[in-house]
Amino acid sequence: MTLEKDNRSPLSASHQIERLRAEQFSHIARHTPGVMLANICNATVFMAASWDRPYRIAALCWGALVIAIASFVFLRRKTRRTSTYRPAASSSRRGVYRAVGYAAALGSCWGALPLLFLDQASVGGKLLIACLCSGMLGGGAFVLASIPPAAAAFSGPIALGSFAALLASGDRDYLLTTIVLAVYSAVLMRAVWNYAEGLERRVKTQVEAESKASERLARLHASGLHALGGMASGLAHEIAQPLAAASAYVETSKRLLREPTSEALPLVERNLQGASEQIGHVGDIVDRLRHFLLEGKPSSSLVHLRSLIEEACRANRRALENANVRVHLRLEATKDAVQADRVQITQVLANLLRNAIDAMEGVSDRSIMIACVNEDDWVRVDVADSGAGVDEGVRESLFEPFMTTKPKGMGVGLAMSRSIVEAHGGRIWMEPNAKAGSTFSFVLPCDRCAEASITT
Ligand code: ADP
């Protein structure tokens, strides 16, 4: 593993190494005090057992060295708050070197024990040395398993010292003991490496999962901004139409008033009435938006989808005529009343109509079929065109914000439509037509008490 220049990405190599080292150290830190106490205790036991032996001085010196190193490591660990250990990459690397250094120092002391004393010890003393060495070898490997080089630096010298002392004795039984010890040591070290690998994998998976979670959060945040952007663009679009119409009415009135005649005056009045209605429509949109922002839900009233469809066709008549598109209506739904925000549903219909017109640009037979039918407690609207159909590559992300294949498109129409339909408890989708073009459909829940109170 190589350390790269540190950066802030949670998935960066340095971040992963840091997290791995923090885990390694926290595993070691949990057991260090206990193992250091075991070192001190075992060394004291051996010094006591050697008290009346000829090698007493050597044993005392050896024991003093072990106790000094273990006490140092114990006190050092105690004075550090390891539970919140979060090392920087370079200091954590120094920490690994230090751990390996302490392990090698203590391991060498225990490895020296059989070399120094085994051949002079009594049978009981030999047994004690064997027990002390195997206990330290196994215990050390367990505690240092998270950092395999440290485990090897500790257990390796003990195993080697024991092998050398046992083989030097020339005894057949000791030779067999050496083989058993070698097998146990190999199994132990293999387990250490497996544990370390597993730990590394776990940390990596965890870091990746955390990073994905934070990416998702960032995406959510971004899509929130997108939705706001989409809303603003959709609103601009929606307001632009009545304003343009109002402006056309005012311009016509201005022209008529340049040479006022008695016939012109009623026309001027009608035009100004038209302008006033369009401006009132803008006011409606702004009111509904304000309601939506304050209440978090569309303002709803009882509306009939069949009449909204007819209205949308009327409002887009000029665009349909200019594009030479024939419109067929199949408004069969008998229960077409829904609780809905009239302006928003009109906007969905207008988006679907405009998209259908755009999709038929290069096509000779241009027709749109709009159907309104009942399906159980739902009312479904289909807008089918005979256009080029939806590009294969964009089908998956058709309703995503800012997805557009048009040179001047904004890619907000369908995203907005989906938000609106879903906010009304419905669903919107697209299906390619068998012959040509595609059908965009949406369903809304029928209003159950609608029969009596028709408001549109
Ligand atoms: P825009 O119209 O600004 O591109 P929309 O969200 O309304 O944004 O549409 C997104 C894309 O979906 C369009 O660019 C187009 O590729 C595709 N699309 C929408 N309606 C149709 C349709 N009736 N036929 C073919 N493609 C369509």
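Residue numbers count from 1 along this sequence. Start at 1 and go down the list; that is how both ligands and their atoms are numbered.
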Full working for side chain to side chain donor-acceptor pair (under 3.5 Å) between W110 and N39: CA-CA 9 Å; W110 286 103; N39 271 276; 2.7 Å; yes
Nearest-option assignment for atom 27 (C) of ligand 1, heavy atoms, candidates V383, L352, T439, V390: V390
Per-atom contacts, ligand 1 versus A359 - under 4.0 Å to a heavy atom: 22 (C), 23 (N), 24 (N), 25 (C)
Distance-minimising heavy-atom pair for D385 and M360: CB-SD, 4.0 Å
Heavy atom of F440, distance to ligand 1 below 4.0 Å: yes
Atoms in ligand 1 flagged as close to G411, the criterion being non-hydrogen separation under 4.0 Å: 1 (P), 3 (O), 4 (O), 6 (O), 8 (O)
Pair R342 + E311: basic N to acidic O under 4.0 Å: yes
Mode of N351 contact toward ligand 1 - side chain, backbone, both, neither (heavy atoms, under 4.0 Å): neither
Residue pair S417 / N351, side-chain donor-acceptor N/O under 3.5 Å: yes
Backbone or side-chain N or O of D358 under 3.5 Å from ligand 1 N or O: no
Contacting atoms of ligand 1, where contact means under 4.0 angstrom from a heavy atom of T405: 13 (C), 14 (O), 15 (C), 16 (O)
Q273-E277 side chain donor-acceptor pair, cut-off 3.5 Å: yes
D385 touching ligand 1 at heavy-atom level, < 4.0 angstrom: yes
Modelled atom types, side-chain donor and acceptor of T439 and D382, under 3.5 Å: no
Sub-4.0 Å heavy-atom contact, S438 with ligand 1: yes
From L352 atom CG to M430 atom CE, the distance as rounded to the nearest 0.5 Å: 12.0 Å
Which of the ligand 1 atoms, numbered from 1, are nearer than 4.0 Å to a heavy atom of V412: 6 (O), 8 (O)
Under 3.5 Å: N/O of L414 near N/O of ligand 1: yes
Minimum non-hydrogen distance to atom 18 (N) of ligand 1, winning option of L398, T404, N433, I368: L398
Closest non-hydrogen atom pair between S155 and G140, with its separation: OG-C, 4.3 Å
Atom indices of ligand 1, in the order listed, that fall short of 4.0 Å to a heavy atom of G389: 25 (C)
Any side-chain donor near an acceptor of the partner, K406 and N355, under 3.5 Å: yes
Mode of M403 contact toward ligand 1 - side chain, backbone, both, neither (heavy atoms, under 4.0 Å): both
Atom 7 (O) of ligand 1 [closest protein heavy-atom partner, distance rounded to 0.1 Å]: N355 ND2, 2.8 Å
